[in-house]
Amino acid sequence: MNIQQFLERELTKDLVKISGKNFPAIVKPAQRTEFGHYQANGIMGAAKALKQNPRELAKKLVSNTQARPFETEIAGPGFINITLKTDFIADALSALRSDPLLGITKPKSLKIVVDYSSPNLAKEMHIGHLRTTTIGDSIVRILEYIGHDLVRANHVGDWGAQFGSLLAYMDQLTETGQSLSTELKDLERFYQAASALFKKNQDFAEKARNYVVKLQSGDPNCIELWKQFISESIRHSQVVYKTFDITLANSDIRAESAYNDDLPTVVQELASEHSLLVESDGAKCVFLDEFKGKDQKPLPAIIQKSDGGYPYMATDLAAARYRTRVLKANKVLYVVGVEQQLHLKQVFAVAKKAGYIQKDQEYKHLSFGMVLKEDGSRFKTRDGADVKLIDVVNEAIERALALVSKKNPSLSISEKQKIARVVGIGSIKYAELSKNRTTDYIFDWDRMLSFEGNTAPYLQYSYTRIRSLFRRAEINSLEGKIEITEEAEIRLSLKILQFPEAIESTLEDYQANVLCGYLYELSGLFNTFYERCPILGSYNQTSRLILCDLTSRIIKQGLELLGIKTVEQM
RNA sequence: GCGCCCGUAGCUCAAUCGGAUAGAGCAUCGGCCUUCUAAGCCGAGGGUUGCAGGUUCGAUUCCUGCCGGGCGUGCCA
């Protein structure tokens, strides 16, 4: 049950009754503890529209009480403060215990495509892929959890000019008798070596350009080399996904090249069926009024280049077409950097005109800011200075191992390693997810891998405290009345009951930091409760253990929705 | 030039889409481990929310103008 929605319904019903008009009660969680548990803010607005005194209106609303499970009180200019009765809270907690969804009401199931991670296979995954991969994976997990039908779309870049020099380099290595598999182990170095050759050696550059043509014309030898490179590169990224607990599987990959055969069709459909295509300077373009470039000139969406090649606009349109027609998606979410905003706007606009996006579908760009260095400058994409994602992950695990060894030296090596992995990976993901996704991200080892405060380890640690209690308690059933009396118990209980609200707010704009904030508050309230209220051996041990149990279930589930694991001790 | 985004405590970030006295963490300072894991808890200091106007009972939030920063702006992705 969503208490906020319950209160909203109840009070809005009453407000409509006394005002005769359809005013919402606007119920929100109380901002300060002295204001109770929730507050209704809609009375002031309603009173203004009715030209009435807000406090008078509030008085009517408050006195219009039948048997309500909450107390109301007028405050300030016309707020209504709402305090839930402890019986109500206890009953709601009881109901929650048997609910595998922890209070969430499943919405109507939709088919949702999430386009995320989508690395360029010509490069090794680097820190820039952290955001799309972590955010996308979390959104997928949350949407799936509440019952939607998810398609993970890993739209990897496996086509285009950058493969020319890679293939030429592969060819050259084979000719000189070097082991390809050895060289491909470090893709980043491989790419750098190839691009260095491209710059330095004119013959090589010529060969590379040749390879692009050969690749695009489907030359069998060339395709064979290409396939070898791609499968090696995919293997690399799957290792990163597995290490980093990302749910993307090989089968989630639908690469750019998968749309190759559709590209001429897209061009043809845009031209003949929709008359959208215009030739301009030799390129086939779609001009839409809403896009203006420099000097107010019309800005084209280039579908086919003057040399006959297809830019990613074409591929993205083909992908939209596929997602609509074949996948029949209700919703498509693109977890892509903010710098692609204009591009995606164009894709969506052209796709709508072409009927690749239907009126009842929602295509949405979930943008995120860039990864910056400490000095605020941008991580460059082609100078080879990018930090490999796998290195970040490994360093996090190392740091976590050092910390757990210090904090809990008595654990066995294998236990420490297991904990270090869970804590290290959790820290990186949480550092990313706990921030508003739309702002830029400053990459800082120390900050990212600090394990204090509002971090994954804090939540994971709270969880282990609870698990430790249950290990000590040695009980196998938790049957008994829930009795909450202490302030710390009430506040914790209320937060427990707000899990559905947290999930819903998170999904309003797909902001994982809302869920992070909720889990952090939950853990904080638990730790306060833990300090203030004795649990084992106390007069209401069972009731308190029930609170502990619910807290741990939510932390575990909530972290899982963020792609973060828990351990039993740390 | 034009379009979009951002500017909140020394630092990193919140503020549930207009609500009450702008909150956390880090850092600084002080207290709490012979009792359930101190990766914890309790407390203190720290703010003209870039600036100036406007809208209204009420603005970090909406509007206008400035200042500062970023990204994008026809054949890379």
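Per chain, numbering begins at 1; letters A, B, ... match sequence-line order. Just so we're clear, the structure is a prediction, and the values are computed from it rather than from any experiment.
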When the distance from [atom1] of [X] to [atom2] of [N] is rounded to whole Å, what number comes out?
{"X": "A/Arg437", "N": "B/rC6", "atom1": "CZ", "atom2": "C1'", "answer": "15 Å"}
{"X": "A/Leu372", "N": "B/rC6", "atom1": "CG", "atom2": "P", "answer": "15 Å"}
{"X": "A/Leu344", "N": "B/rG3", "atom1": "CG", "atom2": "C1'", "answer": "16 Å"}
{"X": "A/Ile43", "N": "B/rG58", "atom1": "CD1", "atom2": "P", "answer": "19 Å"}
{"X": "A/Tyr539", "N": "B/rC36", "atom1": "OH", "atom2": "P", "answer": "20 Å"}
{"X": "A/Glu339", "N": "B/rC4", "atom1": "CD", "atom2": "C1'", "answer": "13 Å"}
{"X": "A/Met125", "N": "B/rA77", "atom1": "CE", "atom2": "P", "answer": "20 Å"}
{"X": "A/Asn436", "N": "B/rA14", "atom1": "CG", "atom2": "C1'", "answer": "10 Å"}

Under 4.0 Å, counting only non-hydrogen atoms across every strand here, what does [X] touch: a base, just sugar-phosphate, or nothing?
{"X": "A/Met370", "result": "sugar-phosphate"}
{"X": "A/Lys292", "result": "nothing"}
{"X": "A/Pro534", "result": "base"}
{"X": "A/Asp440", "result": "sugar-phosphate"}
{"X": "A/Val404", "result": "base"}
{"X": "A/Arg471", "result": "base"}
{"X": "A/Pro311", "result": "sugar-phosphate"}
{"X": "A/Arg532", "result": "sugar-phosphate"}
{"X": "A/Ile26", "result": "nothing"}
{"X": "A/Asp316", "result": "nothing"}
{"X": "A/Ala473", "result": "nothing"}
{"X": "A/Leu299", "result": "sugar-phosphate"}
{"X": "A/Leu536", "result": "base"}
{"X": "A/Tyr520", "result": "sugar-phosphate"}

For a quick test of reading the model: is some side-chain N or O of [X] closer than 4.0 Å to OP1 or OP2 of [N]?
{"X": "A/Arg472", "N": "B/rU37", "answer": "yes"}
{"X": "A/Tyr312", "N": "B/rA77", "answer": "no"}
{"X": "A/Lys305", "N": "B/rC76", "answer": "yes"}
{"X": "A/Thr528", "N": "B/rC42", "answer": "yes"}
{"X": "A/Tyr458", "N": "B/rC41", "answer": "yes"}
{"X": "A/Arg447", "N": "B/rG25", "answer": "no"}
{"X": "A/Lys407", "N": "B/rG40", "answer": "no"}
{"X": "A/Ser306", "N": "B/rC75", "answer": "no"}

Sub-3.5 Å donor-acceptor pair from the side chain of [X] to the main-chain atoms of [Y], do we have one?
{"X": "A/Asn436", "Y": "A/Thr438", "answer": "yes"}
{"X": "A/Asn408", "Y": "A/Val404", "answer": "no"}
{"X": "A/Lys353", "Y": "A/Ala349", "answer": "no"}

Which listed nucleotide ([options]) is nearest to the side chain of [X]?
{"X": "A/Lys48", "options": "B/rU56, B/rA14, B/rA39", "answer": "B/rU56"}
{"X": "A/Gln340", "options": "B/rG74, B/rA77, B/rU37", "answer": "B/rA77"}
{"X": "A/Asn513", "options": "B/rG40, B/rA15, B/rA77", "answer": "B/rA15"}
{"X": "A/Glu452", "options": "B/rC36, B/rU21, B/rG40", "answer": "B/rG40"}
{"X": "A/Thr439", "options": "B/rU16, B/rC75, B/rA14", "answer": "B/rA14"}
{"X": "A/Glu508", "options": "B/rG74, B/rU21, B/rC17", "answer": "B/rC17"}
{"X": "A/Glu531", "options": "B/rG70, B/rG40, B/rA39", "answer": "B/rG40"}
{"X": "A/Arg32", "options": "B/rA39, B/rU21, B/rG72", "answer": "B/rU21"}
{"X": "A/Gln39", "options": "B/rA20, B/rG74, B/rC71", "answer": "B/rA20"}
{"X": "A/Gln31", "options": "B/rC36, B/rC57, B/rA15", "answer": "B/rA15"}

Any idea how [X] and [Y] line up, ring-wise: parallel (<30°), tilted (30 to 60°), or perpendicular (>60°)?
{"X": "A/Phe526", "Y": "A/Tyr530", "result": "tilted"}
{"X": "A/Tyr518", "Y": "A/Phe499", "result": "tilted"}
{"X": "A/Tyr363", "Y": "A/Tyr334", "result": "tilted"}

> If we require ring centres under 5.5 Å and near-parallel planes under 30°, does A/Phe35 stack on B/rA20?
Replying inline: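 The ring of A/Phe35 is stacked on B/rA20.
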> Under the 5.5 Å and 30° test, is A/Phe79 stacked on the base of B/rA20?
Replying inline: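 Yes, aromatic ring over the base.
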> Starting at the 5' end of RNA chain B, which residue's closest nucleotide do you reach first, A/Glu34 or A/Tyr461?
Replying inline: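 Final value for this comparison: A/Glu34.
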[M] and [N], which share atom name [atom1], separated by this distance in whole Å:
{"N": "B/rU64", "M": "B/rU28", "atom1": "C1'", "result": "42 Å"}
{"N": "B/rG10", "M": "B/rC51", "atom1": "P", "result": "13 Å"}
{"N": "B/rG7", "M": "B/rG50", "atom1": "C1'", "result": "6 Å"}

> Given Watson-Crick or G-U pairs with both distances under 3.5 Å, what dot-bracket string fits RNA chain B, with | for other-strand pairs and [ ] for crossing?
Replying inline: (((((((..((((.....[...)))).(((((.......))))).....(((((..]....))))))))))))....
>> What I want to check is whether the side chains of A/Tyr312 and A/Gln340 have a donor and an acceptor closer together than 3.5 Å.
In response: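 Yes, side-chain donor-acceptor contact under 3.5 Å.
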> Quick one: do the A/Asn527 and A/Tyr461 side chains pair a donor with an acceptor below 3.5 Å?
Replying inline: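 The criterion, which ignores hydrogens and geometry beyond distance, is not satisfied for A/Tyr461 and A/Asn527.
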>> Less than 4.5 Å apart, side chain to side chain, heavy atoms only: is that true for A/Pro29 and A/Gln4?
In response: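 Yes. Closest side-chain heavy atoms under 4.5 Å.
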>> Given the structure, check if the side chain of A/Ser280 and the base of B/rG74 hold any donor-acceptor pair shorter than 3.5 Å.
In response: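 Under the 3.5 Å cut-off, the side chain and the base do form a donor-acceptor pair.
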>> Any carboxylate oxygen within less than 4.0 angstrom of a Lys/Arg side-chain nitrogen, looking at A/Glu531 and A/Arg465?
In response: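 Result for this pair is yes, salt bridge flagged.
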>> For B/rC62, does the O4'-C1'-N9-C4 or O4'-C1'-N1-C2 angle fall within 90° of 0, making it syn, or is it anti?
In response: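 Here B/rC62 takes the anti form, which means its glycosidic angle is more than 90° from 0.
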> Tell me, which pairs form a salt bridge (Lys or Arg N to Asp or Glu O under 4.0 Å) where one or both residues lie in residues 36-56 of chain A, sequence neighbours left out?
Replying inline: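 Sorted result for residues 36-56 of chain A: A/Glu56-A/Lys59.
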> Residues in side chain to side chain donor-acceptor pair (under 3.5 Å) with A/Gln341, at least two apart?
Replying inline: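 For A/Gln341, no residue satisfies side chain to side chain donor-acceptor pair (under 3.5 Å) once neighbours in sequence are set aside.
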